Amino acid sequence: MSSQKIRVRFAPSPTGPLHMGGVRTALFNYLFAKKHGGDFILRIEDTDTNRYVPGAEAYIIEALNWCGIKFDEGVGIGGAHEPYRQSERKPIYLKYAQQLIDSGNAYYAFDSAEELDALRKEKEAKGEAFIYNYESRNSLRNSLSLSAEDVEKLKSERNDWVIRFKIPENETVKMHDIIREDVVVNSNTLDDKVLWKKADELPTYHLANIVDDHLMEISHVIRGEEWLPSLPLHVLLYRAFGWQDTMPQFAHLSLLLKPDGKGKLSKRDGDKMGFPVFPLQWKSSEGEFSRGYREDGYFPEAFVNLLALLGWNPGTEQEKFTMDELIQLFDLKRVIKSGARFNPDKAKWFNQQYLKEKSNAELAQLYMPILTAQGVKTSQEYVGKVCGMIKERATFVSDFWNLSSYFFVAPTSYDEKVVQKYWKAETPAMLQNLVVQLKSVLPFEKEKTEHAVHEWIAASGLKMGEVMNTFRLCLVGASMGPSVFDIVEMIGVNEAIARIEHAAAHLKFN
RNA sequence: GGUCCAUUCGUCUAUCGGUUAGGACGUCAGAUUUUCAUUCUGAAAAGAGGAGUUCGAUUCUCCUAUGGACUACCA
């Protein structure tokens, strides 16, 4: 292997939002490139005009940006191998297909889609599979079976012919995959794939992909396992073009599987089990909605971290990584061969870990809009303090309101279970006394007041748990949150007293 | 059906032939906490099955089973 520059590409098709498995593929490409000081290229494979979805390309770019996966070349930023959209490279491909025909590695085929479909059905009915290959190609309508005149005639008369690759007969194709090592397959099991179509003057994936990877000097192809069955075709194509010396090395990543049951992760699973399968939310033109990690409150660092560990690990017990650490540690040889079942619980755990580490100021900034939406007017500084008190109880910033509304507004209801447990006939009187105690040590000072209240509890023979939990119920409306005196300090002793009196007036013992 | 890939606790995974098979998520139990959560401690929990190679296999080979991907003029 020559010491050529590492160049990898992520080449999605703009047929919809980018799946999290796709993001992982992009991530692994990026990590590999950066680890070796190479380039990461974004190429858009939009050769299927029928499946083109407006907005999908912008989505892909935005998703990668959000994840911090930066590309060096490609759609949107250009580079030395422009253009990077295959639809814009349309004029390039035919001559390569032609080159294959000239060298006897490809041929024209005139079978209509309907004819082939019928053939397929016919075979299927007999429990067999129809393959366009060495066995059948001579009895089909193509430049191998037809006379030169007929071929010319059909070529000019019709506009639905295609160019097919001529798979060599009975040959053992040896391939190497960085992750899976050696893979061997007999060429007789392969079919003569369509390389180029007259109908839209466009290549299919296989031709465009190989030509572009070659032209763009791609050194390593890191892609999903669904492409492994196409590897022999691709290797044969490189050989037919005479490019075997610069053929990239391949690495096929295992798939992301459903959290339960069978099959690969799909949008449905997310809807069913309540987690996103897309990095960003997506609304299709038909009005179909898919939630996204970003909108669900995941931090991009957490998302990247969890994705990196799905199918890869550095062999140590470290689980939290920054992007830089991932780049340092990443190694294709340590990518897991088998499919990884996605675990939404662990995804949440990752987010929680990152949330805990955020500064109060940063969290306050994220929380502010939610507070505004709740009609709360307050200062960034106050919100920062609140965040400091509740962040260990949260997984997402969106949990904050439920965990801390009482810092901003008085409770409007009281947790039934807590009321049942602590609200006794004598509670109102006890609370009256508590208010007296609170007032006796004004101005409020946390330690002093706490001390005074504790002394009073001891002196009057009350139970600490009963008083404090009732106190908390008045302030919070539920049995949760930080220390009662921290809460009082935040909301102010006057507000605390008001809440006690409100509760005493509204709650009844029964 | 055919081709290819895969197979360690429920899940993600460690193990370069010799380990009490380790860690994490989740679960359960304790401790801490006036509450909730955090944190800490602990527990239960795995080599798909069968042959072989070897003094010794989770690790190497083969078979079977199971799972997955692909099988388009889609990518």
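Residue numbers start from 1 in every chain, and the chains themselves are labelled A, B, ... in the order their sequence lines are given, proteins ahead of strands. Keep in mind it's a predicted model, so treat the numbers as computed, not measured.
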### Message
Tell me if the side-chain of A/Arg393 makes a donor-acceptor pair with the base of B/C36, cut-off 3.5 Å, by modelled atom types.
### Response
yes
### Message
Quick check for you: among B/A14, B/U11, B/C74, whose closest atom lies nearest to any side-chain atom of A/Asp48?
### Response
B/C74
### Task
Would you mind telling me which residue lines up with the more 5' stretch of RNA chain B, A/Val467 or A/Arg120, judged by nearest nucleotide?
A/Val467
### Query
Does the cation-pi check pass for A/Lys166 over A/Tyr134, that is, NZ or CZ under 6.0 Å from the six-membered ring centre and within 45° of its axis?
no
### Side-chain N,O (A/Thr47) to OP1/OP2 (B/A75) below 4.0 Å
yes
### Query
Taking the C1' atom of each, how far is B/U15 from B/A24, in whole Å?
16 Å
### Nearest-angstrom distance, C1' atom, B/A14 to B/G50
27 Å
### Query
Can you tell me the Watson-Crick or wobble partner of B/U8, both distances under 3.5 angstrom?
none
### Message
Measuring only the C1' atom in each nucleotide, how far is B/A21 from B/U13? A whole number of Å is fine.
### Response
13 Å
### Message
Among B/C12, B/A6, B/C70, which nucleotide has an atom closest to any side-chain atom of A/Pro229?
### Response
B/C70
### Task
Identify the nucleotide, in any strand shown, that forms a Watson-Crick or G-U wobble pair with B/C16, with both distances under 3.5 Å; if there is none, say none.
none
### Query
Would you say B/C25 has OP1 or OP2 under 4.0 Å from some side-chain N or O of A/Arg341?
no
#### Entry: Enclosure of A/Lys174 NZ (heavy-atom neighbours >12, cutoff 6.0 Å)
no
### Message
It should be established whether A/Arg164 places a side-chain nitrogen or oxygen under 4.0 Å from OP1 or OP2 of nucleotide B/C73.
### Response
yes
### Task
Could you tell me which nucleotide pairs with B/G1 by Watson-Crick or G-U wobble geometry, both distances under 3.5 Å, or answer none if nothing does?
B/U71
### Query
Should A/Lys264 be listed as having a side-chain N or O under 4.0 Å from OP1 or OP2 of B/C70?
yes
### Proximity to the side chain of A/Glu45 - top-ranked nucleotide from B/C73, B/C12, B/A75
B/A75
### Message
For a quick test of reading the model: is some side-chain N or O of A/Lys258 closer than 4.0 Å to OP1 or OP2 of B/G68?
### Response
no
### Query
Over how many whole Å does the gap from A/Leu309 atom CG to B/G26 atom C1' extend?
16 Å
### Query
With rounding to whole Å, what would you report as the distance between B/U39 and B/C25 at their P atoms?
9 Å
### Task
Indicate, with a heavy-atom threshold strictly under 4.0 Å, whether A/Trp227 touches base, sugar-phosphate, or nothing.
base
### Summary
By the Watson-Crick or G-U definition, both distances under 3.5 Å, B/U41 is matched with B/A29
### Message
If you go through the side-chain atoms of A/Ser483, does one of them form a donor-acceptor pair with the base of B/U33 closer than 3.5 Å?
### Response
no
### Query
For atom P, what is the distance between B/C40 and B/G23, given to the nearest Å?
14 Å
#### Entry: Among B/U39, B/A69, B/A14, the one nearest A/Lys356 by side-chain distance
B/U39
### Query
Which part of the nucleic acid, if any, lies within reach of A/Pro482 when heavy atoms closer than 4.0 Å are counted: base, sugar-phosphate only, or nothing?
base
### Message
Counting only Watson-Crick pairs (N1-N3 plus N6-O4 or O6-N4) and G-U wobbles (N1-O2, O6-N3), all under 3.5 Å, who is the partner of B/A51?
### Response
B/U61
### Task
Look at A/Lys197 and B/C74 and indicate whether a side-chain polar atom (N or O) is within less than 4.0 Å of OP1 or OP2.
yes
### Task
List for me each residue that meets side-chain contact (heavy atoms from CB on, under 4.5 Å) alongside A/Glu286, sequence neighbours excluded, and say none if there are none.
A/Ser284
### Task
Tell me whether the OP1 or OP2 atom of B/U15 has a side-chain N or O from A/Arg334 closer than 4.0 Å.
yes
### Query
Given the P atoms of B/U53 and B/G42, what is the spacing between them in whole Å?
44 Å
### Query
So does A/Asn313 get a side-chain nitrogen or oxygen closer than 4.0 Å to the phosphate oxygens (OP1/OP2) of B/U13?
no
